[in-house]
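Start at 1 with the first residue, then count along the sequence.
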Amino acid sequence: MIDVSLISVVVVDDDESLRESLEGLLKSLGHAVEVFASAESFLSSGALAETDLLILDIHMPGMTGPELQRELKSLRPELPIIFITAHSDDGVISRVMAEGAVSCLFKPFSEDSLLNAILKALPG
């Protein structure tokens, strides 16, 4: 098992089963976790200030993951973002990575892939 320091993680994804699965996994590792079904609900929640890492779906109804990433550039430019997606859209993936995303994982992804992305996202 890969060791990651305990952090506050936010998951934003419109897929309820994925949110629940990631919440359970991350909590089992000792992390504080909040989950949101939309970018808008995350932004209005007040959770941004306490977030150490954002796991963000690319394709969602309403504000998309890349749109939220652009919004966060002015609010929390240092916030690491791991994107997750079920769609292989090289143009979008290239853009989010160029805009500073730490990683982009394709659904379904393994626990080890996620943990490696988290390690890559954390300083030090």
Side-chain angles (χ1 to χ4, degrees):
M1 179 67 61
I2 298 168
D3 181 36
V4 293
S5 36
L6 305 182
I7 55 174
S8 176
V9 182
V10 167
V11 177
V12 181
D13 195 306
D14 59 319
D15 179 338
E16 182 178 7
S17 64
L18 182 67
R19 285 194 313 271
E20 290 174 355
S21 174
L22 287 176
E23 181 179 29
L25 170 63
L26 293 165
K27 282 185 175 181
S28 76
L29 297 172
H31 300 300
V33 182
E34 287 193 69
V35 296
F36 298 92
S38 71
E40 295 88 350
S41 62
F42 169 59
L43 285 174
S44 67
S45 72
L48 178 58
E50 302 301 319
T51 303
D52 296 318
L53 173 66
L54 179 60
I55 299 175
L56 179 58
D57 190 14
I58 287 181
H59 298 281
M60 296 181 289
M63 180 183 275
T64 66
E67 290 168 344
L68 177 58
Q69 180 188 35
R70 284 190 291 279
E71 177 80 15
L72 294 177
K73 282 278 213 203
S74 63
L75 301 172
R76 289 275 314 272
E78 78 290 353
L79 180 64
I81 300 174
I82 297 170
F83 276 98
I84 55 178
T85 185
H87 307 279
S88 180
D89 182 339
D90 291 338
V92 172
I93 294 164
S94 296
R95 282 194 304 276
V96 299
M97 295 302 289
E99 290 289 323
V102 174
S103 188
C104 185
L105 303 176
F106 292 94
K107 301 174 187 175
F109 48 83
S110 69
E111 181 179 320
D112 281 348
S113 294
L114 177 63
L115 295 177
N116 282 324
I118 292 171
L119 282 174
K120 184 177 172 185
L122 300 178

#### Entry: Non-hydrogen side-chain atoms of Val12 and Ile55 separated by less than 4.5 Å
no
### Query
Leu105 and Val35: same hydrophobic cluster, using ILVMFWY side-chain contacts below 4.5 Å?
yes
### Task
Calculate, to the nearest 0.5 Å, the distance between atoms CG and CD belonging to Leu48 and Glu34 respectively.
11.0 Å
### Task
Would you check if Asp57 and Val11 make a side-chain contact, meaning some heavy-atom pair closer than 4.5 Å?
no
### Query
Atom CD in Gln69, atom CE in Met63: separation rounded to 0.5 Å?
12.0 Å
#### Entry: Min side-chain heavy-atom separation Phe36-Ser45 under 4.5 Å
yes
### Query
Quick one: CD1 on Ile118 to NE2 on His31, what's the gap to the nearest 0.5 Å?
5.5 Å
### Query
Roughly how far apart are Leu114 CG and Ser110 OG, rounded to 0.5 Å?
8.0 Å
#### Entry: Closest non-hydrogen atom pair between Asp13 and Arg19, with its separation
O-NH1, 2.7 Å
### Task
Report whether Phe106 and Ile58 are members of the same hydrophobic cluster (ILVMFWY, side-chain heavy atoms less than 4.5 Å apart, transitive linking).
yes
### Task
Looking only at non-hydrogen atoms, find the nearest pair between Cys104 and Ile93 and report the distance.
SG-CG1, 4.0 Å
### Task
Give the cluster check for Leu122 versus Phe83: same hydrophobic cluster or not, with ILVMFWY residues linked at side-chain heavy-atom distances below 4.5 Å.
no
### Query
Taking atom CZ of Phe109 and atom CG of Leu115, what is their separation to the nearest 0.5 Å?
10.0 Å
### Task
Please determine if Lys27 and Glu23 form a salt bridge, counting it only when a charged side-chain N lies under 4.0 Å from a carboxylate O.
yes
#### Entry: Min side-chain heavy-atom separation Pro80-Leu54 under 4.5 Å
no
### Message
Could you check whether any side-chain heavy atom of Val10 comes within less than 4.5 Å of a side-chain heavy atom of Leu56, counting everything from C-beta outward?
### Response
no
### Query
Side-chain contact, heavy-atom cut-off 4.5 Å: Leu53 with Ser8?
no
### Leu75 with Ile82, same ILVMFWY side-chain cluster at under 4.5 Å
no
### Summary
Tightest non-hydrogen contact, residues Leu43 and Glu71, listed as CD1-CG, 4.1 Å
### Message
Using modelled atom types and a 3.5 Å cut-off, is there a donor and acceptor pairing between side-chain atoms of Ser21 and backbone atoms of Leu18?
### Response
no
#### Entry: Basic-acidic side-chain contact under 4.0 Å: Lys107, Asp15
no
### Message
Hydrophobic cluster membership, with links at side-chain heavy-atom distances under 4.5 Å among I/L/V/M/F/W/Y: are Val92 and Ile84 in one?
### Response
no
### Query
Taking all non-hydrogen atoms of both residues, which atom of Met97 and which atom of Ala101 are closest, and how far apart?
CE-O, 3.6 Å
#### Entry: Exam field: side chain Glu50 to backbone Ala47, donor-acceptor pair closer than 3.5 Å
no
### Message
Show every side-chain hydrogen bond (donor to acceptor under 3.5 Å, both in side chains) that has at least one partner inside residues 81-101, sequence neighbours left out.
### Response
none
### Message
In the structure I gave you, are the side-chain heavy atoms of Leu79 and Thr51 within less than 4.5 Å of one another anywhere?
### Response
yes
### Task
State, yes or no, whether a side-chain contact exists between Val9 and Asp52 at a heavy-atom distance under 4.5 Å.
no
### Message
For residues 72-88, which residue pairs pass the salt bridge (charged side-chain N to carboxylate O under 4.0 Å, His left out) check, not counting sequence neighbours?
### Response
Arg76-Glu78
### Task
Determine the minimum heavy-atom distance between Lys120 and Val102, stating which atoms define it.
NZ-O, 3.1 Å
